[in-house]
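Everything below concerns the one structure shown next.
Keep in mind that the numbers below use all heavy atoms, side chains included, and drop hydrogens, waters and symmetry copies.
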Amino acid sequence: MEKQYGKDKTYLFEVEGLYVHRASKIETEDGKNVLDIIRNGRVNFVINTVSNKKNISADGFLIRRVSAENNISCMTSLDTANALVKV
């Protein structure tokens, strides 16, 4: 089974039966932060929803940029990701 990684409030998906491995925040230098996970090729797809909070937007920008730099598809809308799953 493939692993799902998440940070912050991604744990809410566990209520729906999706187990999520916790990823450290970007500022953490433990080799397990979300950018390290993307760079190390441990994910095939990223869902990164956009927030209005300034510092989170900066994190989101980095996540989307690192995803693109590593040829990892990234969706910014749960509606779009949900539609993709149904295809």
Can you tell me how far apart [atom1] ([X]) and [atom2] ([Y]) are? Round to the nearest 0.5 Å.
X	Y	atom1	atom2	result
T80	I47	OG1	CD1	10.0 Å
L62	S67	CG	OG	10.5 Å
I72	I38	CD1	CD1	7.5 Å
T76	N48	OG1	CG	7.5 Å
I37	R42	CD1	CZ	5.0 Å
N44	N71	CG	CG	12.0 Å

Is a side-chain N or O of [X] found less than 3.5 angstrom from the main chain of [Y], in a donor-acceptor match?
X	Y	value
N70	V66	yes
S77	D79	yes
R65	F61	no

For the residue pair [X] and [Y], establish whether any side-chain heavy-atom pair is separated by less than 4.5 Å.
X	Y	result
N33	K25	no
E27	D59	yes
V46	V34	no

Self-check item: Over all atoms of both residues, closest heavy-atom pair of A81 and M75
Solution: N-SD, 3.8 Å
Quiz prompt | More than 12 heavy atoms from other groups under 6.0 Å of CD on E29 | solution = no
